[in-house]
Amino acid sequence: MKKTILASLIGASLAITGCSEQVPSQTTETASVNESAAASAEMAVENPFFQASTLQYQAPDFRVINDDHFLPAFERGMQEHMAEVEAIANNPEAPTFENTIIVMERSGELLTRVSRVFYNLTGTDSNEQRREIQSELAPKNAAHSDNINLNAELFERIKTIYEQRESLGLNSEQQRLVEVYHQRFVRAGALLTESQKDEIRALNEEHSNLTNQFAQNLLAETRNIAVVVDDVEELDGLSPAQIRSAANAAADRDMEGKYLLSITNTTRQPILTSLNNRELRQRVWEASANRAQSGEFDNTGISARLAQIRAQRAALLGYDSWADYNLEPQMAEKPEAVFEMLGSMLPAVVANTKAEQAAIQEMIEKKGGDFEVKPWDWEYYAEFVRQELYDLDESEVREYFEFNRVLHDGVFYLMNRFYGITFEPRPDLPTYHEDVEVYEVFDADGTSLAIFYADYFAREGKRGGAWMSSFVGQSHLLDTKPVVVNVMNIPKGPEGEPTLVSYDHVTTIFHELGHGIHGMFSNVTYPTLAGTSVSRDFVEFPSTFEEDWAAHPEVIANYAKHYETGEPIPEELLERVIRSRSFNQGFDTLEYISASLLDMEWHSLTADDELQDVNEFEAAALAKYGVDLEAVPPRYKTTFFSHSMGGGYSASYYAYMWSEILAADAFAYVQSQGGLTRENGNHYRRNILEVGNSRPTMESYIEFRGQEPTTDALLIRRGLKLNVE
Ligand SMILES: [Zn+2]
């Protein structure tokens, strides 16, 4: 949940993961039916992807799509797209914005269409055949992107237009589009000499092998280090279900009669909250924290070399470090901005963490313990502190959060009050699963805006987590309106009974619709710049911003009612629910910041730096910022930090918090301007949601806010500010 990987590649796959958009989708589309498609019109009858859907806003016609349609559509889609790109590259006419950029924006229509449907379905409704197709497509998609990104003639045309952009009479969105295209090609290596390109290719290949090996090692090691327990008594504190599943896990590995505790991906382990046996807690924690640091699945050498390769790659491309390279297209722009942001929060965060540590130490002593808190004790004793402070009964809380009420009287109500929009059910539009509900979204003046698919319930074949994605993106050029989907994994209530959800789920529903309206309010000309195609450190801002409305007094009073009696949630209970959310936030924030700093330090190395010793480097990096608290280790350590070392979030792990800073700052600002008013909603919509990536995101933010964001509101949001003042 709440993770986004945004790797954009021209014309091929815009691979986006996590809760924002998770499908590799296209950045380019076209509304015109080209010659080769027209020539095989009879095939179109058989394969629904060969023509645009005739349903409203080109919503996919799931009544006629089946799994045999995908591969032929991808194949033809790639061929057509390649032919279009080559025609642009080889056009004998001098390059113009129209004959190059616009034509690129229109290209790849079929590929876009099939990609969006296919990758949505592999996330929401996977099956064996779809997984096979997915594996078959992975190398083909990569090669297709390379064939476009490395086309020298195409880049020459883009470069010419880029150099003339000030004098071509382009409007600001058009200039931005030219800059985005140019930057993508340059960053892919288009300006390099042939021998430099060879060097990059060799580094890329080694990088790709090493990241793969890093992941394989981690997988094998995580299995390898699962903790074996001989005696059930040692498991005291676990529920009968947890004990049963530990027994089953052991039996699966031919260890009948024993118990196996598996290790999850972060340094901290959820099971430590409940294990009463301190020695076992220590064994579990150490297995986690020392993961992949020695032995058969050692990731130390691989991590060090990966950091070095990235530095070398950056140097070839003309940057001081991988962090410099990676941050350039982000809102942060420079590593210094990230270090400054994280550093400015540290005093408050460390002070809060130390206060939490003192409370935990007190609890240890109260429980008769005679030792100093260690990392394997933290969550165990924190749980006692939490109970003492809030005494929350989860099932009692859920009775006030009935799913349909939350959706209609909560989220949709907010959308209406703040933006004036309404959601009308469209049961006539086909879906890919019976649990999915379809709505048409109308603006305040009655104009139809978008189609919205709501796919909220957990089921087999659906990937875990929550995310937003699109079947059709908005573009005035292509005359398309958004067709957007929100996906979650809420456990459905038993047949005939209401679905009651946790407050965490409530905020996630708000969060995902925040991404949803970022797509649905998009109001730009060019598809590449539409909606959520913004930088990684900005994309979680609109979603996180909506989360905070869930607790707005007027909104919560409208939906938090007892599912049977309709009584509003007692004020005292609500207050405990809200207050409990800032519990342990010092620890949570500090372990996150430590991991972010570690990620940034690794990727601040230069090509001249020698290969590092991982443990020494890690210890020095944490000490440098004073975040080397023994009881609060980083959320991930280098050898199992997949975000950072695995590549997808290298020099980018900070992005989650960057977005949250914007969200908190924006929310606080709106409250200071009168809160829940249509005027505020419109102001935010026009300046942030409608513009997508059609102008630099900081420019949009300042336009909305009147100044750059500060971290104050975030510290308050996480309950970290007031405690230290
Ligand atoms: Zn999100």
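Partner of Pro709 under the side chain to side chain contact (heavy atoms under 4.5 Å, CB included) criterion, chosen from Leu662, Ile702, Leu714: Leu662. Under the ring-ring contact (aromatic ring centres under 6.0 Å, His included) test applied with Tyr701, the options Tyr669, Phe545, Phe541, Trp658 reduce to a single match, Phe541.
Not a single salt bridge (Lys or Arg N to Asp or Glu O under 4.0 Å) links Arg678 to another residue, sequence neighbours left out. By the side chain to side chain donor-acceptor pair (under 3.5 Å) test, Tyr654 pairs with Asp537, sequence neighbours left out. Thr422 pairs by the side chain to side chain donor-acceptor pair (under 3.5 Å) definition with nothing, not counting sequence neighbours. Taking the salt bridge (Lys or Arg N to Asp or Glu O under 4.0 Å) definition, one finds that Asp548 meets it with Arg717, sequence neighbours left out.
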Requested in this report: I would like to know whether Tyr653 and Tyr592 meet ring-ring contact (aromatic ring centres under 6.0 Å, His included); could you show each step before the answer?
Outcome: CA-CA 9 Å; Tyr653 192 60; Tyr592 170 86; 4.9 Å; yes
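Atom NZ of Lys462 has more than 12 heavy atoms from other residues, nucleotides or ligands within 6.0 Å.
Residue pairs meeting the salt bridge (charged side-chain N to carboxylate O under 4.0 Å, His left out) criterion with at least one member in residues 317-336, sequence neighbours excluded, are Arg187-Glu328.
Between the side chains of Ser652 and Asn326, at least one donor N or O sits under 3.5 Å from an acceptor N or O. A donor atom on one side chain and an acceptor atom on the other are found under 3.5 Å apart for Tyr432 and Asp455. Between the side chains of Arg426 and Gln56, at least one donor N or O sits under 3.5 Å from an acceptor N or O. Checked by atom type, the side-chain pair Arg184/Asn149 shows no donor-acceptor distance below 3.5 Å. Defined by atom type and a distance below 3.5 Å, a donor-acceptor pair is missing between the side-chain atoms of Tyr162 and Gln183. Side-chain contact of Ser659 with Glu540: a donor-acceptor pair under 3.5 Å is absent, judged by distance alone. Inspection of the Ser448 and Tyr57 side chains reveals an N or O donor paired with an N or O acceptor under 3.5 Å.
With Tyr419 as the aromatic partner, Arg685 does not meet the cation-pi criteria of under 6.0 angstrom to the ring centre and within 45 degrees of the ring axis.
Between Arg718 and Asp588, no side-chain nitrogen of the basic residue sits less than 4.0 Å from a carboxylate oxygen of the acidic one, so the salt-bridge criterion is not met. One finds no salt bridge joining Glu153 and Arg157 here, because no Lys/Arg side-chain nitrogen approaches an Asp/Glu carboxylate oxygen to under 4.0 Å.
Note: Tyr684 and Phe704 have perpendicular aromatic rings, judged against thresholds of 30 and 60 degrees for the angle between ring planes.
Of all heavy-atom pairs between Val472 and Lys481, the closest is CG1-O, 3.5 Å.
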Ignoring hydrogens and angles, write down the donor-acceptor pairs under 3.5 Å from the side chains of residues 410-417, residues two or more places apart or on other chains.
from	atom 1	to	atom 2	distance (Å)
Tyr413	OH	Arg417	NH1	3.3
Asn416	ND2	Ile421	O	3.1
Arg417	NH1	Glu554	OE2	2.2
Arg417	NH2	Glu554	OE2	3.3
Arg417	NH2	Leu676	O	3.4

